[in-house]
Amino acid sequence: MTCIIESVTEFCGLTEPSGYLTDGPINYKYKTKCTWLIEGYPNAILRLRFNHFATECSWDHMYVYDGDSIYAPLIAVFSGLIVPEVRGNETVPEVVTISGYALLHFFSDAAYNLTGFNIFYSINSCPNNCSGHGKCTTSVSIPSRVYCECDKYWKGEACDIPYCKANCGSPDHGYCDLTGEKLCVCNDSWQDSC
């Protein structure tokens, strides 16, 4: 981590397979400049989940690069509020890098300071931990990659999309037919997705 706060500099890298990146337990300081480098291994997938993010909108920013320097592709910039209301809020972004590295740079101005951020990172993990509807499996074709193997009623990269909405109102309205097109079969007097 390279962190410059009013001319004080520290350095340290994040190399654990998963962990948290935070600005600390209280509001971040004015005139903060911090840079963190998360080091995986070449071509590994790194996932960053912004569990909490509260900065002065349009003035205090977090930049995320897919690589180990500011010359790598800039893939995200955050400023303002991202505060999940409930666990698993889908509006909380997950940023993905594919180079095996992620460089995060944060700076704040001399005006307001807020509660900051709490970012969970993981190296070579499945998206959103397969949303609790599948298991994380190692790819046969690319052994350094993983993917979600979804439970029978779920689909999508993160197993977060049901084949049948609300399980078709089972058992009263219909049932989810997992053969063929995987859709709702409605009981008499019910139609569409039951």
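Residue numbers run from 1 in the order of the sequence given. These figures come from a predicted structure and were not determined experimentally.
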**Q.** Shortest non-hydrogen contact between Ser125 and Cys136, atoms and distance
**A.** C-SG, 4.4 Å

Q.
Working to the nearest 0.5 angstrom, can you tell me the gap between Glu56 CD and Ser79 OG?
A. 8.0 Å

Q | Note, Ile45 side chain near Val96 side chain (heavy atom, < 4.5 Å) | A | yes

Q. Side chain of Thr55, backbone of Gly80: donor and acceptor closer than 3.5 Å?
A. yes

Q. Where do Gly156 and Cys150 come nearest, in terms of heavy atoms and distance?
A. O-SG, 3.6 Å

Q.
Please determine whether residues Phe107 and Tyr71 belong to a single hydrophobic cluster, defined as Ile, Leu, Val, Met, Phe, Trp and Tyr linked transitively by side-chain heavy-atom distances below 4.5 Å.
A. yes

Q | Exam field: side chain Thr22 to backbone Gly24, donor-acceptor pair closer than 3.5 Å | A | yes

Q. Can you tell me how far NE2 of His173 sits from SG of Cys186, rounded to the nearest 0.5 angstrom?
A. 9.5 Å

Q. For the side chain of Asp109 and the backbone of Ala111, is there at least one donor-acceptor N/O pair under 3.5 Å apart?
A. yes

Q) Between Phe117 and Phe50, is the ring centre distance below 6.0 Å? A) no

**Q.** Centroid-centroid under 6.0 Å between Tyr63 and Trp36 rings
**A.** no

(Q) What verdict does the side chain to side chain contact (heavy atoms under 4.5 Å, CB included) test give for Lys155 and Asp160, after you've listed the backbone C-alpha separation in whole Å, the side-chain angles of each residue and the deciding distance to 0.1 Å? (A) CA-CA 6 Å; Lys155 62 183 178 178; Asp160 57 345; over 6 Å; no

Q.
With rounding to the nearest 0.5 angstrom, report the CG to CE distance, Leu21 to Met62.
A. 6.0 Å

(Q) Less than 4.5 Å apart, side chain to side chain, heavy atoms only: is that true for Leu103 and Ile70? (A) yes

Q.
Side chains of Tyr28 and Asp60 only: does a donor on one sit below 3.5 Å from an acceptor on the other?
A. yes

Q: For the pair Asp66 (side chain) and Ala72 (backbone), establish whether a donor and an acceptor sit closer than 3.5 Å, ignoring hydrogens and angles.
A: no

Q) Is there less than 2.5 Å between the SG of Cys176 and that of Cys164? A) yes

Q.
For Lys29, is there any backbone N or O sitting under 3.5 Å from a side-chain donor or acceptor partner on Ser108?
A. yes

Q) Counting distance only, does the side-chain N/O of Asn43 pair as donor-acceptor with the main-chain N or O of Ser99 below 3.5 Å? A) no

Q.
Quick check for you: to the nearest 0.5 Å, what is the distance between Ser141 atom OG and Tyr147 atom OH?
A. 8.5 Å

Q: Measure the spacing between CG of Asn124 and OG1 of Thr138 and express it to the nearest 0.5 Å.
A: 7.5 Å

(Q) Please evaluate residues Asn51 and Ile119 with respect to the criterion side chain to side chain contact (heavy atoms under 4.5 Å, CB included), reporting the C-alpha separation (whole Å), side-chain torsions for both, the decisive distance (0.1 Å), and the verdict. (A) CA-CA 6 Å; Asn51 297 320; Ile119 303 166; over 6 Å; no

Q) For the residue pair Tyr20 and Phe120, is the inter-centroid distance of their aromatic rings smaller than 6.0 Å? A) yes

Q. Less than 4.5 Å apart, any side-chain heavy atom of Ile123 and any of Tyr41?
A. yes

Q: Check whether any side-chain heavy atom of Arg47 sits under 4.5 Å from a side-chain heavy atom of Pro127, and report yes or no.
A: yes

(Q) Surrounding CD1 of Ile161 (heavy atoms of other residues, nucleotides or ligands, distance under 6.0 Å), is the total greater than 12? (A) yes

Q) Where do Phe106 and His61 land on the side chain to side chain contact (heavy atoms under 4.5 Å, CB included) test, with the steps shown first? A) CA-CA 6 Å; Phe106 175 73; His61 295 83; 6.0 Å; no

Q: Looking only at non-hydrogen atoms, find the nearest pair between Gly132 and Asp151 and report the distance.
A: O-OD2, 4.3 Å

Q | Least distance between heavy atoms, Ala54 atom then His52 atom | A | CB-NE2, 3.8 Å

Q) Hey, does Val64 have a side-chain heavy atom less than 4.5 Å from the side chain of Val77? A) no

Q.
Would you compute the distance between atom CG of Leu46 and atom OG of Ser122 and round it to the nearest 0.5 angstrom?
A. 7.5 Å

Q. Is there a donor-acceptor pair under 3.5 Å between the side chain of Asn27 and the backbone N or O of Gly116?
A. no

Q. With a 4.5 Å heavy-atom cut-off, do Cys130 and Trp154 have their side chains touching?
A. no

Q.
Once side-chain hydrogen bond (donor to acceptor under 3.5 Å, both in side chains) is applied, do any residues pair with Asp177, and if so which ones, sequence neighbours excluded?
A. Thr179

Q: Following the transitive rule for hydrophobic clusters with a side-chain heavy-atom cut-off under 4.5 Å over Ile, Leu, Val, Met, Phe, Trp and Tyr, establish whether Tyr163 and Tyr175 coincide in one cluster.
A: no

Q: Among Thr35, Ile38, Val95, find the residue that satisfies the side chain to side chain contact (heavy atoms under 4.5 Å, CB included) test when tested with Leu104.
A: Ile38

